[in-house]
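Take a look at the structure set out below.
Chain naming here is simple, since letters A, B, ... match the order of the sequence lines and numbering starts at 1 in each. Since the structure is predicted, the reported quantities are computational estimates derived from the model, not experimental observations.
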There are 2 protein chains.
Amino acid sequence: MKRDCGFSSSTPNFCALCDARERSVCAELTTEEMKEVSQTMAHLPVKEAQTLIKEGEGSEFLFVVVSGSFRMVRMLEDGRRQIVGFAFPGDYIGMGEAVENDYSVEALEPSLVCRFSQKYLDEMAGRHVGIKDRLIAKGRTELHKAQDHIVILGKHNAEERVMTFLHMLRKQLGGDEIYLSMSRQDIADYLGLRLETLSRTLTKLKKSGDIAKLEGRIVELIPLAESA
Amino acid sequence: MKRDCGFSSSTPNFCALCDARERSVCAELTTEEMKEVSQTMAHLPVKEAQTLIKEGEGSEFLFVVVSGSFRMVRMLEDGRRQIVGFAFPGDYIGMGEAVENDYSVEALEPSLVCRFSQKYLDEMAGRHVGIKDRLIAKGRTELHKAQDHIVILGKHNAEERVMTFLHMLRKQLGGDEIYLSMSRQDIADYLGLRLETLSRTLTKLKKSGDIAKLEGRIVELIPLAESA
DNA sequence: CGAAGTCTTGAATATTATCAATAGGGGTGG
DNA sequence: CCACCCCTATTGATAATATTCAAGACTTCG
């Protein structure tokens, strides 16, 4: 299955996509301010497997994912690969001006991002108080996600890691049926497991009924119990 | 061995301790501004095992570690404990005003912290531009540390995790001889290993010569090779 | 249809967790 | 000052789990 980025190249009221998610830098701006931002902002399609940001380089941009998904990859000295996170619509990508990225960011599928100039954002932050607060809040969110990841990796067995990962995806994406835009290898590198262990664990979870469906990259979880 | 917090209760020019570390919120303030901050700032001793911040509660304070060390503890639903990080002199502790902490912070030894009122800091940030930038930078540092932790946990065997952990401590504390202010259980909960596995791994590393010394909580690493 | 990549499965090995017992160290009270 | 206790850490033996190497199945795309 192939997915497109959900955007036909000349969508008129484009920022509606972002605003709907209400998490982006723009969310608190007035239409007047929005007009100002638009001048240095750009919407870009990103091809599958394309590298948006390279490990070790500085990035003069801050991105917001509009559609699609990304992996954050950190290469270890010995050649192994650790995925330090995934980014989904509404998430921020980018470290801050003049800061060297400690991971690469690569698209998992055809995606769409909103690009801001760090320099301009910084300059504009002087006039609009809320922007820095948003960046601080962004940092907190990222840190929180990283800590959830730490908790997953701290769990000692594969089943728990995989289930927690899937629950995380459900929470992030909404809905019990999940399309995995990342490969098994990506998931394994995220969970600190070998590819084969991950695969085996998924089949086991399917057989034991902990997962309702498992068809390639489509997974369906058991619905959460409603609390009255 | 017991350690004190390196501070006799009425030290005169107290902030020198902080400033020397040049990492705190104050570092960029003028003496004039510093005087202003001092009014809502307090230096506090923290007893060993004392909880500075409780998981699930909001904290109206931001802390900077002056001396000693802390563990950040996250309790899992099933009763297990994950340590999401350690804090050493110069590190920040606290999430931001009106934000629920997702971990508890407990002193590993008699320590000393510098306490700021979040509300006041926020209010003051309106007048002193640099403060918010510091908080953003702080967030980046924390995130970076969390990702280093993720990389450690992603490593598949115990020896690597332990060695990487020790190297991290060397980098943080400086010097090849390291005093471990945390218990074996703390380290195990940080590394996602069982207490016994950690203990065995340490002895193995000592025997194989990957560690120069191992006497209780004192560890000595092999010096790094000099590059000419 | 064939080829390349991705994913699953199998069997043997290695590593870690678990359960249990012992050893070491610090502090307290006789 | 020594004996004792409690807490922390080490060590041992076995079971559970993950890795490794190898082969085969499934997809997707040209």
Side-chain angles (χ1 to χ4, degrees), chain A residues 1-4 47-49 71 78-83 106 108-110 152-163 165 179-208 210-211 213-219, chain B residues 1-4 47-49 71 76 78-83 106 108-110 152-163 165 179-208 211 213-219:
Chain A
M1 188 196 296
K2 257 287 177 67
R3 305 215 150 180
D4 72 342
K47 280 186 286 228
E48 181 173 344
R71 63 173 170 241
D78 58 7
R80 273 176 309 183
R81 199 178 76 139
Q82 175 67 46
I83 291 193
E106 301 160 6
L108 293 168
E109 54 188 327
I152 289 180
L153 290 168
K155 305 214 173 195
H156 298 181
N157 69 73
E159 285 186 38
E160 278 185 304
R161 291 195 201 177
V162 174
M163 282 308 284
F165 171 69
Y179 172 75
L180 303 170
S181 55
M182 63 293 285
S183 72
R184 296 287 195 267
Q185 186 65 64
D186 288 335
I187 301 175
D189 287 347
Y190 179 87
L191 295 180
L193 297 170
R194 306 257 69 146
L195 169 63
E196 301 93 324
T197 307
L198 170 68
S199 185
R200 265 186 262 272
T201 306
L202 282 170
T203 357
K204 197 197 288 183
L205 290 171
K206 163 84 175 305
K207 278 182 189 155
S208 69
D210 293 309
I211 282 177
K213 185 159 71 171
L214 175 65
E215 289 172 10
R217 292 190 171 195
I218 296 178
V219 175
Chain B
M1 186 198 298
K2 258 284 175 69
R3 305 214 152 182
D4 73 341
K47 281 185 285 227
E48 181 173 344
R71 61 174 171 242
L76 309 188
D78 59 7
R80 272 177 309 184
R81 199 177 75 139
Q82 175 67 46
I83 291 194
E106 301 159 6
L108 293 168
E109 53 188 327
I152 290 180
L153 290 168
K155 304 213 174 196
H156 297 180
N157 70 72
E159 283 185 40
E160 278 185 304
R161 291 195 201 177
V162 173
M163 282 308 285
F165 171 70
Y179 172 74
L180 302 170
S181 55
M182 64 294 283
S183 71
R184 296 286 194 267
Q185 186 65 63
D186 289 335
I187 301 175
D189 288 346
Y190 179 87
L191 295 180
L193 298 170
R194 302 257 73 142
L195 169 63
E196 299 94 325
T197 306
L198 169 69
S199 186
R200 266 185 262 271
T201 306
L202 282 171
T203 11
K204 197 196 289 182
L205 290 170
K206 163 84 174 306
K207 278 182 189 156
S208 69
I211 282 177
K213 185 160 70 170
L214 173 66
E215 289 173 10
R217 293 190 169 194
I218 297 177
V219 175

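Counting only heavy atoms from C-beta outward, the side chains of A:Arg71 and A:Met182 never approach each other to under 4.5 Å. Taking 4.5 Å as the limit, every side-chain heavy atom of B:Leu202 sits out of range of all side-chain heavy atoms of B:Lys207.
In this entry the distance linking NZ of B:Lys155 with P of D:dT19 reads 15 Å, nearest Å. For B:Lys206 and D:dT11, the NZ to C1' distance is 15 Å, given to the nearest whole Å. In this structure, A:Arg194 atom CZ and C:dT16 atom P are separated by 13 Å, rounded to whole Å. What separates CG of B:Leu193 from P of D:dT17 is a distance of 17 Å, to the nearest Å. Rounded to whole Å, the distance from CZ on B:Arg161 to C1' on C:dA17 is 13 Å. Computed from coordinates, the B:Leu180 CG to D:dT8 C1' distance equals 14 Å when rounded to whole Å.
Looking at A:Lys47 and A:Glu106, no side-chain N of the basic residue comes within less than 4.0 Å of a carboxylate O on the acidic one, giving no salt bridge. Between A:Glu109 and A:Arg217, no side-chain nitrogen of the basic residue sits less than 4.0 Å from a carboxylate oxygen of the acidic one, so the salt-bridge criterion is not met.
Counting only distance, with no hydrogens or angles, the side chain of B:Gln82 and the backbone of B:Leu76 share no donor-acceptor pair below 3.5 Å.
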With sugar-phosphate taken as primed atoms, P, OP1 and OP2 and all else as base, the protein-contact string of nucleotides 4-15 of chain C at under 4.0 Å (heavy atoms; B, S, -) is ---SBBBB----

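Each side chain to side chain donor-acceptor pair (under 3.5 Å) pair with one or both residues in residues 192-201 of chain A, not counting sequence neighbours, would appear here, but there are none.
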